[in-house]
Amino acid sequence: MRTGIRWLLRIVFLLVLSAVCGTLIPRPLIAPVKASSAAVTHRILLLSGSIHTDIAIPLDAETRAAFSFLDDTGFPLGHPSAEWLIIGWGGRAFYLETPTWAELKPLPVLRALTIDRSVLHVDLAGPISEPQPTVTAFDVSEDQLAQLRAFISDSFVRDAGAVVPIADAGYSEIDRFFEARGYFNALFGCNTWTAAALRSAGLRTGIWNPLPQALRLSVSVYNSSSRRASPLLK
C-alpha cells in the first residue's frame, strides 16, 4: 500500500515538474527576429477557458478568402455582424458531447484521458472590447497571420479536397464542427495545438503547455506584444 502511494506521489511530482518546465522553457529557445513596427498590422487573440483555449483571427477579406472552403459547408462566413473567426481543436467525444459542464459524461472523459479522434470547432464573434484576463491579444504582421491561417487550414481533414463537416454537431445555429487531423489525449490536447498554432505565427510559447493557465503564462512571458482583451462573443 505504501509502495503504491509512493509511486503515485512520484508520478504526480513528475507531472507537476514537467508542467512547470514546459511553461518556463520557451519554444523556440531562441527568439525569432522581430518584425518592424510598420509591418505589424493585425491582431490575433488567445481565448482561454478553464480547460480549453481557442484562437480568434480577424475576419477580414484575406481571412474570408483563405477559408472560403467553409462556405460550401453552410458555415456563415459572410455573416454581416462577424468580425472574428474563432477556431479550436479538441477531442471528438469530449468536444461534441460536453457543451456544458452539466452535461459531463464518463465516456468522453475516459476518451480524453486516453486517446481520441480530433475535431475542429469553428465559430464567429462580433466586436471585442478590452480588457479581460481570459483573452490575450498579439500584434502580428501580414506574413505571420498568413502562416497562422495556413496552419489552421492544414488542420482540417479533407476528402477529395473538401473539408468534412460533422452532421448535426454544434452548440448554436452558427458554429460548426469538422473532422480534424491528429489524435487527442490529455497530454497533447487542445492547448498544445493552440500553442503550435501560435508558434506558426512567429510567437513563442512554453515547450509543453497542456493547460490554458500554463499557455497563458508562457505567452505573456515570452511575447512582449501580448496584452489582455475582453471578448463579447456573438
Side-chain angles (χ1 to χ4, degrees), residues 12 14-32 34-35 40 42-58 83-91 94-95 98 100-101 112-113 118 120-123 125 127-141 144-145 147-149 151-152 155 171 175 180 182 184-234:
V12 171
L14 288 175
L15 288 174
V16 172
L17 180 62
S18 298
V20 171
C21 292
T23 301
L24 299 180
I25 300 174
R27 182 178 180 183
L29 287 172
I30 300 176
K34 293 183 179 179
V40 177
H42 301 281
R43 282 181 76 195
I44 62 174
L45 305 177
L46 169 64
L47 310 181
S48 304
S50 56
I51 62 171
H52 177 78
T53 50
D54 292 310
I55 290 177
I57 58 177
E83 297 184 14
W84 297 90
L85 181 66
I86 314 296
I87 306 98
W89 182 95
F94 197 92
Y95 226 157
T98 317
T100 66
W101 284 112
L113 293 175
S118 62
L120 280 163
H121 183 234
V122 183
D123 203 354
I128 295 180
S129 62
E130 301 182 19
Q132 176 159 56
T134 57
V135 180
T136 307
F138 304 91
D139 295 321
V140 297
S141 68
Q144 289 173 313
L145 181 55
Q147 291 166 2
L148 176 58
R149 293 191 195 107
F151 178 94
I152 295 170
S155 295
Y171 299 154
D175 68 312
F184 175 97
N185 64 63
L187 297 180
F188 297 95
C190 55
N191 303 304
T192 57
W193 179 89
T194 302
L198 294 175
R199 290 194 298 271
S200 76
L203 301 171
R204 300 175 83 193
T205 72
I207 197 170
W208 180 59
N209 298 131
L211 297 174
Q213 297 81 3
L215 178 57
R216 201 163 58 235
L217 176 59
S218 69
V219 295
S220 65
V221 169
Y222 296 114
N223 300 277
S224 59
S225 64
S226 66
R227 57 186 185 273
R228 297 296 174 84
S230 172
L232 297 178
L233 302 182
K234 296 190 178 62

Validation row: [X], [Y] side chains within 4.5 angstrom (heavy atoms):
X	Y	answer
Phe188	Trp208	yes
Arg216	Thr136	yes
Phe184	Trp89	yes
Val140	Arg43	no

Return the [atom1] to [atom2] distance between [X] and [Y], rounded to the nearest 0.5 Å.
X	Y	atom1	atom2	result
Ile86	Ile55	CD1	CD1	10.0 Å
Leu145	Ser200	CG	OG	9.5 Å
Leu215	Thr205	CG	OG1	6.5 Å
Leu85	Asp54	CG	CG	10.5 Å
Ile128	Leu47	CD1	CG	6.5 Å
Gln147	Ser141	CD	OG	7.0 Å

Below 30° counts as parallel, above 60° as perpendicular, anything between as tilted: where do the rings of His121 and Tyr171 land? tilted
Can you list the steps and then say if Ile44 with Leu198 is a side chain to side chain contact (heavy atoms under 4.5 Å, CB included)? CA-CA 9 Å; Ile44 62 174; Leu198 294 175; 4.2 Å; yes
Examine distances only and state if a side-chain atom of [X] and a backbone atom of [Y] form a donor-acceptor pair shorter than 3.5 Å.
X	Y	value
Gln213	Ser50	yes
Ser118	Ala180	yes
Asn191	Thr53	yes

